[in-house]
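A short worksheet on the structure shown next.
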Amino acid sequence: GKLSLVDFKTSQAIYDEYPIQLAAYQMALEELGCPPIEQRWIIRLPKKDSHDVEVKLIDSDIEEDKKIFLSAMEIYRWSKKNEKNRFNTL
């Protein structure tokens with residue numbers, strides 16, 4: 001078997017940003033000393049009594065997904081740091 005990271009979702013669909021979210025989880029696990037993750041999976045479970053389970057193997061480049069996540073974090077930190085100064089002009 002392959003060591004896999006699985007994220008269970010109850011959303012309406014599997015969205016494009018989910019691989020980025022999984023990359024963040026993987027980075028956190030790596031920092032904790034987890035062995036290398038070989039696969040990433042999304043499993044979408046229906047919210048109601050439906051049998052429409054959706055399973056997707058994430059095949060995007062993990063290194064690219066990590067870069068995107070870290071870039072998004074930088075933008076978030078910048079916006080929080082500058083939040084107070086943005087609307088204080090006359």
* Should D7 and K9 be marked as a salt bridge (Lys or Arg N to Asp or Glu O under 4.0 Å) after you check the CA-CA gap, both sets of side-chain angles, and the distance that decides it? -> CA-CA 6 Å; D7 192 3; K9 300 290 189 186; 3.0 Å; yes
* Restricting to pairs with a member in residues 15-39, which pass salt bridge (Lys or Arg N to Asp or Glu O under 4.0 Å), not counting sequence neighbours? -> E30-K66
* Asked: Got a second to check how far D65's CG is from Q21's CD, nearest 0.5 Å?
  -> 11.5 Å
* To do: Verify, without hydrogens or angle tests, whether S71 (side chain) and F69 (backbone) share a donor-acceptor contact under 3.5 angstrom.
  => no
* Can R77 and E74 be said to form a side chain to side chain contact (heavy atoms under 4.5 Å, CB included), step by step? -> CA-CA 5 Å; R77 288 182 184 126; E74 285 299 314; 3.4 Å; yes
* Asked: R44 versus T10: any side-chain heavy-atom pair under 4.5 Å?
  -> no
* Any sub-3.5 Å donor-acceptor pair from S11's side-chain atoms to A13's backbone N or O? -> yes
* Separation between NZ of K56 and CD1 of I14, rounded to the nearest 0.5 Å -> 6.5 Å
* Would V6 and L45 show up in the same hydrophobic cluster when neighbours are defined by side-chain heavy atoms closer than 4.5 Å? -> yes
* Asked: Closest approach of R40 and L57, non-hydrogen atoms and distance?
  -> O-CD1, 3.4 Å
* Asked: Quick one: do Y18 and M27 end up in the same hydrophobic cluster if we chain Ile, Leu, Val, Met, Phe, Trp and Tyr together by side-chain heavy atoms under 4.5 Å apart?
  -> no
* Linking I/L/V/M/F/W/Y whenever any side-chain heavy atoms sit under 4.5 Å apart, do W41 and L22 land together? -> no
* To the nearest 0.5 angstrom, please state how far the CG atom of L3 sits from the CD1 atom of I37. => 5.5 Å
* To do: Can you see which heavy atom on Y25 is nearest to which on L5, and at what distance?
  => CB-CD2, 3.9 Å
